[in-house]
Amino acid sequence: MTKGDFGGLIVAAWALSSLLLVTTATSQSNSNRTLLERWWWKWATDQAKERRADLERKIATSEHARRPDTHTLNYLQRDDILFQASQRVFRVKLRVPAATAVPAGLVLAIAVADGKPHEWQGAFIAGALLWPFAFTLMIVQLVAKQGMQRWITEIVTARARGAYEALLEPLVSPGCEPPSKSPFRAPQVSAVEALEGLAASLEHYALQRALPDGRTPMPQVVAHYSSAAAFVRELRDGVELDRPDEGKRALLEMERILKILADGRIRDFAPDQVASEVLLKRRQQHQVRRRQVLRLAAFTVCAAGVGAVFALASQTLGIAIVTAVAAVVAASWDRNLQSSNNRDSV
C-alpha cells in the first residue's frame, strides 16, 4: 500500500464516520433502542448495578444521609441504564471522526502542497489542514443534543443523582493541610456545579416538553419545571454561602427530590410556580439564533468557495475579491454576535 492509498483511507474513514454521525443523529431521539444501544445494553446494565452498589456504600458511610426506599433505588438504576447506554453510544460515534479529523487535514494539506505551485498555495494548505477539524466541530455542535431529545427523564435523573452523590461528600476540609487531591479546588465546588447542572437539565427538559406537538404550548408544565429549577438554584446558593448547615439541608432536599422523581409527582417539587413566559421566550431566541448561525455558516462556506475560484483564476482580481468577501463575512458575523449579546442583555 502506497502513502497515497493510506492517506485516501484516512480521509475516507473521516468522511464516512462524519456521514454516519450526521445520518444517525436523529435516531437517538426515537423511543426505540438503536443498534449500537442494543450492543452496549449489557454493559450499561452492569454499570448501573455497580453504580447502585457504590451509591449504597456512600449512603451507609454518610453521617446525615438516609437510605432511600427500594422503589427510589430501582428508579435510579433503571434510568441509569438508559443514560449509560445513550451516552456510551454517542461517545463511540464521536471518537472515529474526532480521531481522524487531524490526520485527514494533514493528508489534504500534503496533497495541496504537492500540487502545482501558485500564489495562494499557502492559504489553501492552511484551509485544507483546518477544514476537517472545523467541519467535525460544526457537526458535533449540531448533533450534540440530538441524543437528549427523548421525552424521558434519564437526563434529569442522572443530574439529580450526581448532585446527591456530590452532597454526600464532605463540604468542609478537615485538618490543617489541604487535601492531596485537587488542593486548589474548594470542597463545595463539586456540589455547587452538580446542583447547577440539575437546574439546567430541568429547564432543558421543560423546553423540550413546552411544545409537545410543535404548536400547542404547555405553560403549566414549563412553570412547574421552572419552579423546580429555581428551587434547586436556591439550594446551590445556600451550599455556597453556608456549607455545614445548608449542605445538610440540601442533602435532605435531594433525597426528597429523588423520591419525587421516582413517584412522578413533579407538582410537589417546589411550592410556588414561576412564570413560564421567560423560559419560552428564551427558547424562541435560542431557535432564532441557531438558524442565524447556520445561515451564516453556509454563507461563509459559499463565500470561501467563490473566493478560492477567483484566487485561482487571477492573482490581482483574486486579492480584491477575497478582501471584499472577507470584509462581508467578518461584518456579518460581527453583526450577528452583537445582536446576540443585545438579546442576552435584555
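Small disclaimer: the values here were computed from a predicted structure and weren't measured.
Around NZ of Lys58, the count of heavy atoms belonging to other residues, nucleotides or ligands within 6.0 Å exceeds 12. Annotation for Trp43: atom CH2 counts as buried by contact number, over 12 foreign heavy atoms lying within 6.0 Å.
Applying the salt bridge (charged side-chain N to carboxylate O under 4.0 Å, His left out) test to every pair with at least one member in residues 165-176, sequence neighbours left out, gives these pairs: Arg161-Glu165.
For Ala44 against Gln84, the heavy-atom pair with the smallest separation is CB-CB, 3.9 Å.
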Next on the checklist: The test is side-chain contact (heavy atoms from CB on, under 4.5 Å); show your working for Ile155 and Phe83 and say whether it passes.
Outcome noted: CA-CA 7 Å; Ile155 303 297; Phe83 181 78; 3.9 Å; yes
Next on the checklist: Applying side-chain contact (heavy atoms from CB on, under 4.5 Å) to Thr45 and Gln77, what does each step give before you reach the verdict?
Outcome noted: CA-CA 8 Å; Thr45 303; Gln77 181 177 347; 5.6 Å; no
Next on the checklist: Apply salt bridge (charged side-chain N to carboxylate O under 4.0 Å, His left out) to residues Arg233 and Asp237 and explain how you reach the verdict.
Outcome noted: CA-CA 6 Å; Arg233 288 195 170 97; Asp237 295 344; over 6 Å; no
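In this structure, the side chain of Thr72 does not engage the main chain of Pro68 through any donor-acceptor pair within 3.5 Å. Side chain of Asp80 to main chain of Leu76: no donor-acceptor pair is present (N/O by atom type, distance under 3.5 Å, no hydrogens or angles).
Under the salt bridge (charged side-chain N to carboxylate O under 4.0 Å, His left out) criterion, Arg52 pairs with Glu56, not counting sequence neighbours. Not counting sequence neighbours, the partners of Arg236 by the salt bridge (charged side-chain N to carboxylate O under 4.0 Å, His left out) test are Glu196.
Using a 4.5 Å heavy-atom cutoff, the side chains of Ile81 and Trp41 are in contact.
With respect to the salt-bridge test (charged N to carboxylate O, under 4.0 angstrom), the residues Asp268 and Arg265 qualify. Note on Arg249 versus Asp245: no salt bridge recorded, every NZ/NE/NH1/NH2 to OD/OE distance being 4.0 Å or above.
Between the side chains of Glu203 and Tyr225, not a single donor N or O lies within less than 3.5 Å of an accepting N or O.
For the pairing with Tyr75, the side chain to side chain donor-acceptor pair (under 3.5 Å) check across Thr157, Asp69, Asp263 returns one residue only, Thr157.
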